[in-house]
Amino acid sequence: MTSSNIRLYNSLTRTIEPFVPQTPGEVRMYVCGVTVYDDCHLGHARSQMVFDTLHRLFLETGHRVRYVRNITDIDDKIIRKAREAGRPISEITGRYIDSFHRDMVRLGILSPMAEPRATEFLSGMITLIERLLSVGAAYPSGGDVYFRVRRFPGYGELSHQVLADLLAGARIEPGEEKEDPLDFVLWKGAKEGEPSYPSPFGEGRPGWHIECSAMSLHYLGPTLDLHGGGLDLLFPHHENERAQSEAATGVTFSRMWVHNGFVTTRETKMSKSLGNTRQIRNFFEESPYPEEVTREWLRYFFLSTHYRSPVDFTDQALASAKLALDGLYQCLALLSEAEETRQGAEDDAWEFRRAFMEALSADLDTPVALSVLHAAKSRINPWLASGRLGRAPADPGAVRALFELAGRTMGVLRVDPSRWVTGLREAGSKGPSGLTEEEISHLVILREEARKNRDFSKADAIRDRLKESGIVLEDQPGGPPRIRRI
RNA sequence: GGCGGCGUAGCCAAGCGGUAAGGCAGAGGUCUGCAAAACCUUUAUGCGCCAGUUCGAAUCUGGCCGCCGCCUCCA
């Protein structure tokens with residue numbers, strides 16, 4: 001089962017197109033990873049989440065996914081960071097690669113098929129540069145090697161820029177000896193005190209763009225089905241990658257280009273140069289919830305906006321996302337007590353799946369997919385909440401299957417509902433309330449005794465005290481009260 | 001200056017030619033010792049403003065206002 005109806009917005013054509021891989025049932029997908037000189041922020045989180053969801057969607061629709069995500073471990077900023085810290089480059093990159101991987105685990109991102117590092121691919125890059133030199137698309141100059149932009153007729157097509165306009169903003173750094181201001185560097189000649197590698201063009205290091213061309217060629221061949229990354233990579237990074245790859249291979253570099261929108265704070269782009277970033281690790285460490293809960297909370301928050309729109313990171317929107325997810329978990333908890341039914345089960349399962357998959361297939365419309373979850377919840381909740389009397393309005397098994405589908409594709413609703421509602425960070429430790437589990441249950445017992453004796457003022461006093469600590473008690477008929485943390 | 005995006009209820013957010021999904025918050029109700037949760041009902045004659053195209057526009061066209069992004073490293 002490899003047929004799918006997935007449509008995606010292609011930045012190259014600026015239209016939504018059917019996604020048709022060159023080999024049926026197999027997806028060759030390359031996404032730009034990170035440059036490892038600092039901890040990742042929420043902008044990286046969103047981007048990885050978007051392409052993770054796409055990755056999962058391809059898997060769900062029966063594709064074999066050959067997903068490659070690079071790590072840039074040699075560049076100016078890394079060198080500067082190492083110099084400032086007085087530490088070796090490898091120590092800096094090692095630290096931030098570890099940090100990146102830790103963040104990917106926190107976010108629940110599926111591992112790619114390969115995660116090549118630039119420094120491991122020097123020979124591939126050198127081969128590619130030699131190829132570009134031999135066809136006249138590149139030239140050596142002053143110890144560097146440059147790509148001859150005007151030699152590539154399609155330059156500017158991806159970012160929809162015309163050469164003349166680009167020229168106005170182009171610049172030549174001191175020491176560069178370009179034929180044309182638009183040309184970009186493929187190989188940087190070694191400078192005093194900088195790390196360098198041997199090459200036929202002399203000692204030096206690769207330019208930024210060439211690694212992606214070399215690595216994608218190595219793992220996925222000359223033509224990708226899909227190339228992704230943040231919108232800020234569109235120009236110049238992807239434009240240049242495309243130019244150099246196609247100049248070298250003579251064939252289409254990527255059939256489809258997908259770019260995600262930014263995370264903003266107060267409606268301005270979150271970026272390191274503006275100093276308004278929020279780190280992923282920082283968000284998790286400050287979260288009052290366990291990691292598995294925080295993960296889904298963040299995922300739900302980001303996926304409740306379409307991937308191409310900007311997302312403003314606000315406390316209010318974040319709180320709203322948590323409450324919406326809580327509602328879904330409430331349904332999941334009730335659902336776990338219900339049996340599968342009866343007639344119509346297959347119809348329900350089919351209908352839910354169809355609606356959900358259609359939303360994701362329509363240019364990854366995750367907000368609509370999430371609304372399908374809420375629609376299913378609304379349909380079955382009255383019946384679940386009223387003791388499951390009479391005919392079920394939908395098959396509980398079908399709703400559960402829908403939630404599992406959401407888990408597989410969007411990475412939400414995977415936590416055990418009882419843990420979702422009551423979980424502390426670690427059993428026995430003090431939670432965000434400042435109370436241990438034992439202290440809480442002791443207070444709950446005291447209150448139950450007071451209630452039994454109809455000493456309601458005492459019972460209410462205990463409940464108020466717990467509430468001040470962020471613990472809400474919900475009395476249930478014929479059972480112990482439920483403990484919920486806010 | 002060039003290229004592009006956005007502006008939908010108190011907030012978040014879909015829809016992109018056929019008469020406004022969903023979530024959060026709010027209001028009323030059921031339940032409860034009282035609450036909370038849950039459940040039920042309810043909340044945009046209107047989608048920045050003004051023209052126009054159309055039988056019909058939030059959706060298309062033109063103009064205007066406001067906000068944001070890329071063009072330099074950036075997810």
Side-chain angles (χ1 to χ4, degrees), chain A residues 11 14 16 31-35 37-38 40-51 72 75-77 80 156 159-162 164-171 173 208 228-237 239 259-264 266-274 277 300-301 304-306 308-312 314-328 330-331 333-334 359 362 365-375 377-378 381-386 421 451 454-457 459-460 463-464 467 472-477 481-482 484 486:
Chain A
S11 300
R14 288 185 174 165
I16 291 173
V31 174
C32 289
V34 293
T35 301
Y37 71 101
D38 204 351
C40 291
H41 57 72
L42 292 167
H44 299 100
R46 162 130 103 144
S47 187
Q48 290 305 320
M49 247 178 231
V50 164
F51 292 103
T72 302
D75 113 313
D76 290 351
K77 274 177 295 210
R80 197 194 325 142
S159 57
H160 301 270
Q161 304 279 340
V162 296
D165 296 333
L166 243 22
L167 198 52
R171 61 167 75 164
E173 298 291 331
W208 175 35
L231 194 53
D232 45 6
L233 297 180
L234 183 59
F235 189 90
H237 185 52
E239 189 73 57
H259 293 97
N260 65 276
F262 301 126
V263 177
T264 62
R266 290 188 205 173
E267 298 187 341
T268 38
K269 183 187 169 187
M270 187 178 278
S271 85
K272 294 200 187 138
S273 46
L274 292 175
T277 58
Y300 190 101
F301 170 72
S304 63
T305 300
H306 185 86
R308 284 193 278 120
S309 300
V311 178
D312 207 35
T314 66
D315 289 344
Q316 195 174 20
L318 221 39
S320 172
K322 178 63 168 56
L323 288 161
L325 237 195
D326 286 347
L328 256 14
Q330 177 74 29
C331 180
L334 291 171
D365 200 339
T366 52
V368 168
L370 291 174
S371 79
V372 173
L373 266 27
H374 286 284
K377 182 201 82 169
S378 301
N381 252 359
W383 179 77
L384 291 172
S386 65
V421 177
R451 288 184 70 207
R454 305 196 67 79
D455 184 356
F456 294 121
S457 60
D460 290 351
R463 187 172 62 194
D464 288 346
K467 190 171 183 182
V472 175
L473 292 189
E474 296 170 3
D475 293 334
Q476 308 208 92
R482 186 160 54 192
R484 193 168 59 87
I486 51 173

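Model, not experiment: these values are computed from the prediction. First the proteins, then the strands, lettered A, B, ... as listed; each starts at 1.
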When we call it a touch if two heavy atoms are under 4.0 Å apart, what does A/S386 touch: a base, just sugar-phosphate, or nothing?
nothing
Side chains of A/D75 and A/T35, donor plus acceptor under 3.5 Å:
no
Side chain A/H160, main chain A/S11, donor-acceptor under 3.5 Å:
yes
A side-chain contact here means heavy atoms from C-beta on lying under 4.5 Å apart; do A/L373 and A/S371 qualify?
no
Does a side-chain N or O from A/K269 land closer than 4.0 Å to OP1 or OP2 of B/C70, or not?
yes
Given atom CG of A/D365 and atom P of B/G23, what is their separation to the nearest angstrom?
16 Å
What's the CG-C1' distance between A/D464 and B/A35, to the nearest Å?
9 Å
Report the distance from atom CZ of A/R46 to atom C1' of B/A13, rounded to the nearest whole Å.
13 Å
Respond yes when some side-chain nitrogen or oxygen of A/N381 is under 4.0 Å from OP1 or OP2 of B/C39, and no when none is.
yes
Measure distances between side-chain N and O atoms of A/D475 and base N and O atoms of B/C34, and say whether any donor-acceptor pair falls under 3.5 Å.
yes
Using only atom types and a distance under 3.5 Å, with no angle test, would you say the side chain of A/Q161 pairs donor to acceptor with the backbone of A/G156?
no
Is there a donor on the side chain of A/R463 or the base of B/A35 sitting less than 3.5 Å from an acceptor on the other?
yes
How long is the line joining CG of A/L323 and C1' of B/C12, in whole Å?
12 Å
Phosphate OP1/OP2 of B/A75 contacted by A/H44 side-chain N/O (<4.0 Å):
yes
Below 4.5 Å, heavy atoms only, C-beta onward: do A/V50 and A/R46 meet side chain to side chain?
yes
Base B/C68 to side chain A/R266, donor-acceptor N/O within 3.5 Å cut-off
no
Would A/R463 and A/D460 pass as an ion pair if we require N to O under 4.0 Å?
yes
Structure string for RNA chain B in dot-bracket form, Watson-Crick and G-U at under 3.5 Å, | interchain:
(((((((..(((.....[...))).(((((.......))))).....(((((..]....))))))))))))....
A/L231 CG - B/C6 C1' separation (whole Å)
13 Å
Please enumerate all protein N or O atoms sitting under 3.5 Å from an N or O of nucleotides 3-5 of chain B, with distances to 0.1 Å.
{"residue": "B/C3", "atom": "O2'", "partner": "A/R14", "partner atom": "NH2", "Å": "3.4"}
{"residue": "B/C3", "atom": "O2'", "partner": "A/H160", "partner atom": "O", "Å": "3.4"}
{"residue": "B/G4", "atom": "OP1", "partner": "A/R14", "partner atom": "NH1", "Å": "3.4"}

Mind checking whether A/H44 and A/T277 have side chains closer than 4.5 Å, heavy atoms only?
no
Ranking A/L473 and A/S271 by the position along RNA chain B of their nearest nucleotide, the one closer to 5' is A/L473
